[in-house]
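Bear in mind that the values here come from a model prediction, so they are computed numbers and not experimental data.
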Amino acid sequence: MDIRGWSVRGRAVTSVLVLATAMAAAGPASASAAGASPGSPAAGAVVHRVSPAGVSAARGFWTRSRMAAATPADGGVVHMTGGAPANAPSATRFDGVHTVGALFDTTGTQDHFCTASVVNSVTADIILTAAHCVYGSSYATNIAFIPDYNRGHAPYGEWPVSSITVAPGWMKSNNQNLDFAFLTVTPPSGTAAPIQSVTGGLWLGIDTGYDHPVEVIGYNNTGDGPIKCATNSFKYSVHQMKFFCRGFWDGTSGGPWIVNYDQRTGSGTVIGDIGGFEQGGDYPWASYSVYYTWPTWQLFLQAQGLPTSHA
């Protein structure tokens, strides 16, 4: 495996990418150590395979008008407006980046959207989002990822989801400490290359520490394009992180928290995604994420069909 470390604010950050199945069986040292901490929720994996017919249906479902009419998957949350810290920054609109995009799905008869990002993997076809974006009491359908989506434009095409991997604890009780999911995506018609080869990807950061300067990207219900915010993450609880930034409303769930973000290449290390406590937060100026440790790493391996070890 390739484990790359560097210092951010005096703490070593470990970004882990499995490069071979045989080497993955040993598991990363940082992830194993993290899993030993008291109170870590059990993970395992529940993998839902989308049928070829389902993938085909999703491929033709998302017209420009349907995407424009979609509502946030976390809609209906009552947001409060007062109490923002005086020094909290504000999110800004931008043109987008190819490693992050809008995630569209259908729940019942309702069309929804969230945010997702591409993560580097052996299979080169994995994206990361919040579990509540794809599973509530049943799986969402017609799920498709549109990298760099902006005002109805899909410069890298539509990538239907072929499998959804969530933790059993999320499926059983919507455990807020397991509010993350890894999805596999299939190429658009006429394209054979996996998504990582087309858009690049973010490294997955495991047990990185809570306090970092981060760039957070998401898709808001207040606009038809992406927003971003440079802010700082910090500890909220053992299994949760938090940041302050005004303007993160419904739809930003699943949005990546990126360390060492490079706007030009779309690269960096994702250490969290909006979700977890209050499904990401009841205030548009305060957002949350699960703190990634062994359960996240284990689910990531299992989403790729790789063996896991927790020695």
Side-chain angles (χ1 to χ4, degrees), residues 62-75 77 79-82 84-105 111-118 127-130 133 144-159 199-202 212-233 242-268 270-275 279-289:
W62 291 104
T63 62
R64 186 167 180 172
S65 61
R66 274 181 167 152
M67 288 188 287
T71 58
D74 45 8
V77 175
H79 285 287
M80 305 175 188
T81 56
N87 61 348
S90 295
T92 58
R93 278 292 310 270
F94 76 121
D95 290 336
V97 64
H98 37 278
T99 50
V100 183
L103 184 71
F104 293 94
D105 72 83
D111 296 340
H112 293 305
F113 71 91
C114 271
T115 304
S117 57
V118 183
I127 64 173
L128 164 70
T129 192
C133 288
F145 176 61
I146 315 294
D148 206 3
Y149 176 79
N150 195 353
R151 299 184 184 277
H153 296 288
Y156 296 96
E158 175 187 323
W159 299 73
T199 65
L202 298 166
H212 298 290
V214 292
E215 191 85 17
V216 184
I217 299 172
Y219 284 80
N220 245 342
N221 66 340
T222 58
D224 192 26
I227 60 171
K228 65 178 180 178
C229 187
T231 185
N232 292 282
S233 64
K242 185 176 182 179
F243 72 78
F244 293 133
C245 184
R246 294 179 174 88
F248 277 84
W249 295 87
D250 292 336
T252 57
S253 287
W257 304 23
I258 307 171
V259 173
N260 286 358
Y261 172 66
D262 186 326
Q263 169 68 31
R264 182 182 60 84
T265 63
S267 61
V270 55
I271 65 167
D273 65 279
I274 294 177
Q279 293 195 356
D282 280 347
Y283 292 86
W285 47 264
S287 299
Y288 301 86
S289 170

Separation between CD (Gln263) and CD (Glu215), nearest 0.5 Å, reads 7.5 Å

Taken to the nearest 0.5 Å, the spacing of Ile258 CD1 from Ser117 OG works out to 6.5 Å

For Val270 and Pro256, the nearest pair of non-hydrogen atoms, with its separation, is CG2-CB, 3.7 Å

Identify, with sequence neighbours excluded, every residue that meets side chain to side chain contact (heavy atoms under 4.5 Å, CB included) alongside Ser287. Phe243, Phe248, Ile274

Measuring only between side-chain heavy atoms, which start at C-beta, is Ile271 closer than 4.5 Å to Ser233? yes

To the nearest 0.5 Å, tell me how far Arg64 CZ sits from Arg151 CZ. 10.5 Å

Set of side chain to side chain contact (heavy atoms under 4.5 Å, CB included) partners for Ala286, sequence neighbours left out: Lys242, Phe244, Tyr283

Residues 84-96 side chain polar contacts: donor-acceptor under 3.5 Å, at least two apart:
from, atom 1, to, atom 2, distance (Å)
Arg93, NE, Pro226, O, 3.2
Arg93, NH2, Asn150, OD1, 3.3

For Asn220, side chain to side chain contact (heavy atoms under 4.5 Å, CB included) partners two or more places apart: Thr222, Ile227, Trp249, Thr252

Looking only at non-hydrogen atoms, find the nearest pair between Ser267 and Leu202 and report the distance. C-CD2, 3.7 Å

Can you name the side chain to side chain contact (heavy atoms under 4.5 Å, CB included) partners of Arg66, sequence neighbours left out? Phe61, Trp62, Thr63, Asp111

Return the minimal non-hydrogen interatomic distance between Phe145 and Val100, and the atom names on each side. CZ-C, 4.1 Å

Taking the side chain from His98 and the backbone from Thr265, do they hold a donor-acceptor pair closer than 3.5 Å? yes

If we only count heavy atoms from C-beta on, is the Thr71 to Asn221 side-chain gap below 4.5 Å? no

Separation between NZ (Lys228) and CD1 (Ile217), nearest 0.5 Å, reads 7.5 Å

Check whether Thr129 reaches the backbone of Thr115 with its side chain - one donor and one acceptor, N or O, closer than 3.5 Å. yes

Got a sec, which residues hit side chain to side chain donor-acceptor pair (under 3.5 Å) with Thr231, two or more places apart in sequence or on another chain? none

How about Tyr149 and Phe113: are their ring centroids closer than 6.0 Å? no

Minimum heavy-atom distance between Trp257 and Ser289, given as atom pair plus value: CZ2-CB, 3.4 Å

Just by modelled atom types, is the Val97 backbone N or O under 3.5 Å from a matching donor or acceptor in the Asp148 side chain? yes

Indicate the atoms forming the closest heavy-atom contact of Gly157 with Pro147, along with that distance. O-CD, 3.6 Å

Working for side-chain contact (heavy atoms from CB on, under 4.5 Å), residues Ile127 and Trp159: CA-CA 10 Å; Ile127 64 173; Trp159 299 73; over 6 Å; no

Would you find a donor on one side and an acceptor on the other, under 3.5 Å apart, between the side chain of Thr99 and the backbone of Gly200? no

